[in-house]
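Just so it is clear, the structure is predicted and the values come from calculations on it, not from any experiment. Counting from 1, the numbers follow the sequence of the chain as shown.
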Amino acid sequence: MPRSKALPAELDPCARQLVEQLRQLKDHSELTMRQLAAKTGYSAKSWERYLGGTVLPPQEAVEALARITGADPIPLFALHEIAADTRDSRRAKAVVRPRSTAQPQQGQQRQEGEGREEGEQEQQAISAGPPPEVPATPVALTAPPATGPAPGRFPHFALTVCVVALTAALVAALLLMLRLDEDGAPAAVAAAPSTTAASPPPSYTCRITRVDGGWSAGVNNGRNSEISYGATGADVAEAQCLLRRAGISPGGIDGMFGPLTLRAVKTFQQRAGLDVDGMLGPRSWKALRG
């Protein structure tokens, strides 16, 4: 997978967070730009602009990517709405700015014209003699009413809403980590932070061979352990290799029983005439190795 280009420096925080999450969904699904265009209905060129941060993707494109990758679209919608509001406010300021610059020029021309008229009137007054005295009448000067919103008000509001959306996304991620699996056993909770450097995730390589009349990927030494959604390790990587051998893509061979692997297991169980429960038990393992 080619390394993604750096996002534009002028991209606002919410739009940057949205694009980064869309990039992660695409990379995890291992879809090319052409495959992404075929599955979502948006062209490959459009996705290059969306994931490059040059154009804000429409909400329908965000929903399509979340649907094909099995992700929760609600946090993505919140980030998209805030990014769209920020983009519209910048466009509105760009339209107002030329008008404000034109007013001083008109005022300067008006003052120059009035200056010339006053000079001509002074010359006429000198030649005509002093005018009769007229009692001065005080004129009340009123300042023009202020129009438009107070400067700096909308950016503070947008920043507050952006922080709330990011907090909601983090809470949703924690809830997914704590969600119970189908057997009622709690999913693994993230370990306490350690002061030592985190070890890199293990890598798995599929070596499909026939062993004792059955297929093996050479990852988990031929075990048929029962696994389900949320499981990790060599048993999951073995199942992912065998699913790919059967012509069903589980996403990457990463040893993580996530949404893509769950969908692949259910598809295989449906094809094999098994109970479509999304769990790999003895019968599903036997069908995979058969």
Side-chain angles (χ1 to χ4, degrees), residues 1 3-31 33 35-37 39-42 46-90 154-182 186-191 193 198 201 229-232 250-252 254 256-264 266 278:
M1 183 70 64
R3 179 175 295 180
S4 302
K5 296 181 179 179
L7 295 176
E10 66 273 10
L11 204 60
D12 70 275
C14 287
R16 181 180 297 273
Q17 181 73 8
L18 174 63
V19 175
E20 289 177 351
Q21 293 192 17
L22 294 180
R23 284 184 173 184
Q24 291 177 2
L25 293 178
K26 175 191 173 297
D27 293 342
H28 187 69
S29 65
E30 296 187 349
L31 294 174
M33 287 297 184
Q35 293 172 341
L36 194 60
K39 289 180 177 291
T40 60
Y42 293 85
S46 297
W47 276 113
E48 289 178 0
R49 292 192 295 267
Y50 299 158
L51 299 179
T54 58
V55 176
L56 183 66
Q59 185 173 345
E60 292 77 7
V62 175
E63 181 181 5
L65 180 56
R67 183 181 65 254
I68 65 176
T69 55
D72 184 8
I74 300 302
L76 300 177
F77 288 167
L79 292 174
H80 182 276
E81 182 176 356
I82 299 170
D85 291 341
T86 304
R87 177 198 59 187
D88 295 340
S89 67
R90 289 180 176 179
F154 181 80
H156 290 295
F157 174 75
L159 181 60
T160 302
V161 178
C162 182
V163 172
V164 173
L166 292 177
T167 304
L170 291 176
V171 172
L174 291 175
L175 291 177
L176 287 176
M177 294 173 62
L178 298 175
R179 184 177 59 185
L180 298 178
D181 60 11
E182 296 182 359
V189 183
Y229 184 83
T232 58
D254 53 5
M256 298 177 61
F257 202 130
L260 297 179
T261 302
L262 177 63
R263 183 176 59 184
K266 290 184 177 181

Task: Side chains of Pro58 and Tyr42 in contact at under 4.5 Å (non-hydrogen atoms) - done: yes

- [ ] Using the side-chain contact (heavy atoms from CB on, under 4.5 Å) rule, pick out the option among Leu22, Asp27, Leu7 that qualifies with Leu51.
- [x] Leu22

Open item on the list: Just verifying a value: how many Å separate Glu20 CD and Leu79 CG, rounded to the nearest 0.5 Å?
Closed with: 10.5 Å

Open item on the list: Treating Arg263 as the side-chain partner and Gly278 as the backbone partner, does any N or O pair qualify as donor plus acceptor under 3.5 Å?
Closed with: no

Open item on the list: Treating Arg23 as the side-chain partner and Leu18 as the backbone partner, does any N or O pair qualify as donor plus acceptor under 3.5 Å?
Closed with: no

- [ ] Would you check if the side chain of Thr54 reaches a backbone N or O of Arg49 as a donor-acceptor pair within less than 3.5 Å?
- [x] yes

TODO: Output the distance between atom OG1 (Thr86) and atom CD (Glu81), rounded to the nearest 0.5 Å.
DONE: 10.5 Å

TODO: Hey, could you give me the OG1/CZ distance between Thr40 and Arg67, rounded to the nearest 0.5 Å?
DONE: 8.5 Å

Task: Heavy-atom closest contact (Gly52 atom, Pro8 atom, distance) - done: O-CD, 3.4 Å

Task: Contact check, side chains of Thr232 and Phe257, non-hydrogen atoms, under 4.5 Å - done: no

- [ ] Determine the minimum heavy-atom distance between Thr261 and Pro250, stating which atoms define it.
- [x] OG1-O, 3.3 Å

Task: Stepwise side chain to side chain contact (heavy atoms under 4.5 Å, CB included) check, Leu260 with Ser29 - done: CA-CA 8 Å; Leu260 297 179; Ser29 65; 4.2 Å; yes

Open item on the list: Counting C-beta onward and ignoring hydrogens, is there a side-chain heavy-atom pair between Lys39 and Leu65 closer than 4.5 Å?
Closed with: no

Open item on the list: Any heavy-atom pair between the side chains of Asp85 and His80 that's under 4.5 Å?
Closed with: no

TODO: Measure from the side-chain N and O atoms of Lys26 to the backbone N and O of Leu31, and report whether any donor-acceptor pair falls under 3.5 Å.
DONE: yes

Open item on the list: Minimum heavy-atom separation for Leu76 and Gln21, please, with both atom names.
Closed with: CD2-OE1, 3.1 Å

Task: Minimum heavy-atom distance between Ala66 and Pro73, given as atom pair plus value - done: CB-CB, 3.9 Å

Open item on the list: Quick one, Leu36 and Ile68 - any side-chain contact, counting heavy atoms below 4.5 Å?
Closed with: yes

Open item on the list: Show every ring pair (Phe, Tyr, Trp, His ring centres under 6.0 Å) that has at least one partner inside residues 47-75, sequence neighbours left out.
Closed with: Trp47-Tyr50

- [ ] Identify the heavy atoms of Leu11 and Gly53 that sit nearest to each other, and give their distance.
- [x] CD1-O, 3.6 Å

Open item on the list: Distance check, rounded to the nearest 0.5 Å: Glu30 atom CD versus Thr69 atom OG1?
Closed with: 13.0 Å

TODO: Applying side chain to side chain contact (heavy atoms under 4.5 Å, CB included), run through His28 and Asp254 and close with a yes or a no.
DONE: CA-CA 10 Å; His28 187 69; Asp254 53 5; 3.3 Å; yes

